[in-house]
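Structure first, then comments.
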Amino acid sequence: MRNAEIAAALDELADLNELDQAVVYRVVAYRQAARAVRESPAAVEQMAAQGRLTELRGIGKTIAEKIETLLETGEIPAAVKLKKKFPPALVELTRLPGLGPKTARKIYEELGISSAKDLRRAAKEERLRSVPGLGPKVEENILAALAVPAAKKGSSRRLLSHVLPIAEEIAAALRAHPAANEVEIAGSVRRMTDTCKDIDIIATANDPRALSEALATLPLVQDAATVGDAGARVVTNNGIAVDLRVVSPEQFGNVLQHLTGSKQHNVQLREYAVKRGLHVSEYGVEDDRAGRKHTCSSEHEVYDLLGLDYIEPELREGRGELEASIAHRLPTLIEESDLRGDLHCHTTASDGRNSMEQMAEAARKRGYSYLAVTDHSASFGFGNDVQADELLRQVERVRELNRGFGRFKLLAGSEVSILPDGSLDYPDSVLSELDWVNASVHSSFRMSEKAMTERILAAMESPYVDAIGHLTGRLLLKRDPYPLDVERVVEGALETGTMLEINGNPDRRDLSDTHARLAAAAGVEIVINSDAHGTDTLRLIRFGLATARRAWIEPSQVANTLPLVRLRRLRKQSRAAR
DNA sequence: GCCGTTTTCGGCCCGACTGTTTTCAGTCG
């Protein structure tokens with residue numbers, strides 16, 4: 001059973017308990033356990049088999065037993081029992097916006113309604129208002145919620161790469177406005193999550209209303225819902241909601257911290273503060289003993305007041321950053337300037353848009369000292385493959401070009417496909433001629449977890465494979481990762497000296513942040529690559545860097561922060577020769 | 001139901017908004 005399924009079962013158990021009016025802390029505990037399972041980089045089923053479930057924060061003895069029973073029998077007895085008490089559709093109703101468990105239960109008990117169909121009819125017939133505490137407005141809201149088409153409810157999330165440039169454009173425009181003082185992006189965009197729902201911007205201004213109006217009149221803004229002294233709420237032409245909050249300079253730090261989140265981080269921060277007699281909110285930090293509220297003009301002050309080291313936004317996910325901050329053990333996160341090269345890109349030889357020469361020139365302009373050209377291998381397909389003889393000619397061409405370059409070097413490489421049986425798409429005689437080999441899965445995704453894991457482990461056994469590209473094959477918002485035992489792959493990478501790539505293509509970001517953290521912490525060499533298909537997409541490396549930072553990764557854990565000579569020494573081929 | 005630099009028992013984040021209330025419960029972020 002996959003982590004997502006176990007997490008869903010725990011969330012359902014939480015919903016059922018909420019309907020049953022269990023103490024809220026039990027419900028919260030199930031939800032937290034669900035989250036811990038969902039975010040676990042390791043396969044929870046395996047952890048259960050090893051009796052390691054309680055290592056996950058939020059899972060104690062009782063929930064561990066429930067998960068074990070779930071894995072053995074396919075069910076959690078407590079959930080089975082509650083499902084007899086409440087019809088399954090009732091749980092669905094609590095997911096309607098504005099309709100929580102308390103209201104749903106009341107409606108069920110008073111009117112016997114447990115389905116969306118019955119609920120709609122009752123609302124239309126104005127029967128809901130007979131339930132104590134409900135009135136005509138509730139009927140109206142329920143009808144509105146039921147009218148939202150299913151397609152609109154689910155994934156209103158978008159890729160960071162779609163949202164970030166718009167957020168930055170807006171922030172730049174606001175900064176340039178004479179009414180503006182400080183302007184910062186907040187929310188998930190600032191934390192550089194894989195996907196985002198909307199854009200939050202916090203500002204201080206000498207004329208708040210003028211700044212709000214400036215946002216409302218930007219060309220990329222379509223609708224301005226509200227515009228006032230406290231800020232503005234608008235929607236861009238491509239449908240992204242933007243929330244501007246204009247606050248007083250004294251509170252800028254508090255509000256920025258609050259609205260950067262994540263929710264989980266803030267909850268943990270506040271719980272920690274309470275133990276020290278402090279109460280954190282977006283308005284300030286209240287001190288029980290002194291009986292006064294401190295406001296903070298900067299985020300650093302907020303963390304300072306709590307006695308914490310400053311926590312970078314990318315780390316604020318409630319994944320141990322608070323404990324690390326308390327212990328002064330936060331990582332020094334990698335930055336763009338730490339990278340000396342890019343080890344994954346394509347040219348017109350496969351499916352890229354620019355020549356090798358153009359890619360080299362663009363890489364040089366970025367300040368890199370090396371770039372590996374890694375076109376697709378012989379059987380990639382779509383006519384975009386590079387046959388062995390062509391690849392060997394490319395190697396020669398690289399050697400020629402390098403004579404003309406100064407310090408900068410092109411590396412002759414390949415993104416060689418890992419075939420279903422774990423073999424590689426070129427013979428060793430060809431691979432051994434290359435300066436850099438990425439091996440990636442591009443076909444037969446629908447294998448069992450065991451087979452896929454063995455396939456990749458086999459590829460790592462090759463002395464010519466330097467790194468595995470986009471390990472799990474996921475495409476954000478489009479395609480789930482194929483089943484894979486990532487912990488086993490990490491072990492294999494360590495055993496064979498194979499590096500693992502964080503692919504910066506914003507549709508992939510694969511390794512994910514949690515997998516990358518697992519791998520790097522285990523000691524696997526990480527490479528961060530753009531997978532650029534043109535000179536204009538080398539910059540997508542920033543999304544790979546964002547994932548690396550969210551994975552707590554320091555420069556020393558990343559192979560392409562090294563000068564070329566040292567990178568070469570890390571390759572299996574040169575290690576074997578030593 | 002979890003968890004421990006005040007605790008193995010007694011705590012468990014903070015505030016806004018809404019709709020129904022006449023002082024607040026439910027829901028949301």
Side-chain angles (χ1 to χ4, degrees), chain A residues 10-11 13-37 53-67 76 78-79 93-107 128-142 144-145 156 186-188 196-198 200 226 230-231 233 241 243 245 247 251 254-255 257-286 288-289 293 302 306-308 318 322-323 325-328:
Chain A
L10 289 170
D11 270 329
L13 184 61
D15 290 339
L16 287 164
N17 269 278
E18 206 169 24
L19 275 175
D20 200 36
Q21 287 167 18
V23 281
V24 286
Y25 299 113
R26 192 156 79 196
V27 176
V28 169
Y30 289 142
R31 295 238 160 89
Q32 254 167 0
R35 175 178 168 272
V37 168
L53 284 177
T54 52
E55 283 176 23
L56 292 171
R57 166 183 276 275
I59 296 189
K61 201 163 153 271
T62 311
I63 294 182
E65 275 168 19
K66 286 184 159 59
I67 293 173
I76 302 176
L93 287 189
T94 66
R95 302 209 171 113
L96 277 178
L99 184 63
K102 299 264 166 56
T103 316
R105 178 168 171 151
K106 240 192 307 195
I107 292 172
L128 293 183
R129 61 186 68 176
S130 69
V131 179
L134 303 192
K137 195 70 193 166
V138 171
E139 286 170 344
E140 202 179 296
N141 291 345
I142 284 176
S156 56
S188 57
C196 309
K197 210 168 87 253
D198 50 20
D200 287 303
T226 55
R233 181 165 293 166
D243 219 338
R245 292 271 301 261
V247 302
Q251 287 185 325
N254 299 109
V255 177
Q257 195 285 321
H258 172 74
L259 287 175
T260 295
S262 66
K263 178 179 162 64
Q264 205 58 38
H265 173 79
N266 285 349
V267 167
Q268 291 182 9
L269 190 77
R270 290 163 181 196
E271 282 172 352
Y272 170 75
V274 166
K275 289 181 195 154
R276 302 173 54 115
L278 299 168
H279 301 274
V280 178
S281 77
E282 64 180 301
Y283 302 106
V285 180
E286 200 165 341
D288 280 344
R289 278 186 307 184
K293 187 174 271 190
V302 178
L306 300 173
L308 294 168
L322 203 67
E323 292 83 346
S325 171
I326 293 165
H328 308 296

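Chain letters run A, B, ... following the sequence lines, proteins first and then strands; every chain starts at 1.
Along DNA chain B, the nucleotide closest to A:G135 and the one closest to A:K293 are compared, and the more 5′ of them pairs with A:K293. Sequence order on DNA chain B of the closest nucleotides to A:G133 and A:G98 puts A:G133 first from the 5' end.
To the nearest whole angstrom, the two P atoms, one in B:dT27 and one in B:dT20, are 13 Å apart. Taking atom P in both B:dC12 and B:dT6, the straight-line distance is 14 Å, to the nearest Å. Across B:dA16 and B:dT7, the matching P atoms stand 33 Å from one another, rounded to whole Å. Comparing B:dT23 with B:dG29, their C1' atoms are spaced 24 Å from each other, to the whole Å. Rounded to whole Å, the separation between the C1' atoms of B:dG1 and B:dT5 comes to 23 Å. Taking the P atoms as reference points, B:dT22 lies 22 Å from B:dC17, given to the whole Å. Nucleotides B:dG15 and B:dG10 have their C1' atoms positioned 25 Å apart, rounded to a whole Å. Taking atom C1' in both B:dC2 and B:dT8, one finds a spacing of 12 Å when rounded to whole Å.
Side-chain contact between A:I63 and A:L10 is present, with heavy atoms from C-beta onward closer than 4.5 Å. Considering only heavy atoms from C-beta on, A:K66 comes within 4.5 Å of A:L13 through its side chain. Inter-residue side-chain proximity for A:V285 and A:K293 is flagged as unmet; no heavy-atom pair is nearer than 4.5 Å.
Taking the 5' to 3' direction, DNA chain B first and last meets chain A under 4.0 angstrom from a heavy atom at B:dG1 to B:dG29.
Here A:E282 pairs with A:R245, A:H258 under the side chain to side chain contact (heavy atoms under 4.5 Å, CB included) rule; sequence neighbours left out.
With its glycosidic angle within 90° of 0, B:dT7 is assigned syn.
Here A:E18 pairs with A:R31 in a salt bridge; the nearest charged N to carboxylate O distance falls below 4.0 Å. Ion pairing between A:E271 and A:R276 fails under the 4.0 Å rule for side-chain N and carboxylate O. A salt bridge links A:D15 with A:R95: the closest approach of a Lys/Arg side-chain nitrogen to an acidic carboxylate oxygen falls below 4.0 angstrom.
Using Watson-Crick or G-U wobble geometry with both donor-acceptor distances under 3.5 Å, B:dT18 finds its partner in B:dA25.
No contact: A:L269 has no heavy atom under 4.0 Å from any strand. Contacts of A:L134 with the nucleic acid, taken as non-hydrogen atoms under 4.0 Å apart, involve only primed sugar atoms and P, OP1 or OP2. Among the atoms of the strands shown, none is found under 4.0 Å from any heavy atom of A:P132. Residue A:K102 is classed as a sugar-phosphate contact, given heavy-atom separations below 4.0 Å to backbone atoms only. At a threshold of 4.0 angstrom between heavy atoms, the contacts of A:H258 with the nucleic acid are absent. Among the protein residues, A:K106 comes within range of no part of the nucleic acid, since none of its heavy atoms lies under 4.0 Å from any strand. Across all strands, A:V274 comes closer than 4.0 Å only to sugar-phosphate atoms, never to a base (heavy-atom distances). Residue contacts shown for A:N141 are limited to sugar-phosphate atoms, with no base heavy atom under 4.0 Å away.
Judged by distance alone, with hydrogens and angles left aside, the side-chain atoms of A:R105 form a donor-acceptor pair with the main-chain N or O of A:L19 at under 3.5 Å.
For CZ of A:R270, the number of neighbouring non-hydrogen atoms (other residues, nucleotides, ligands) closer than 6.0 Å is greater than 12.
Taking both residues in full, the closest heavy atoms of A:L308 and A:S325 are given as CB-OG, 3.4 Å, listed atom of the first, atom of the second, then distance.
Contact check of residues 26-35 of chain A against DNA chain B (heavy atom, cut-off under 4.0 Å) returns A:R26, A:A29, A:Y30.
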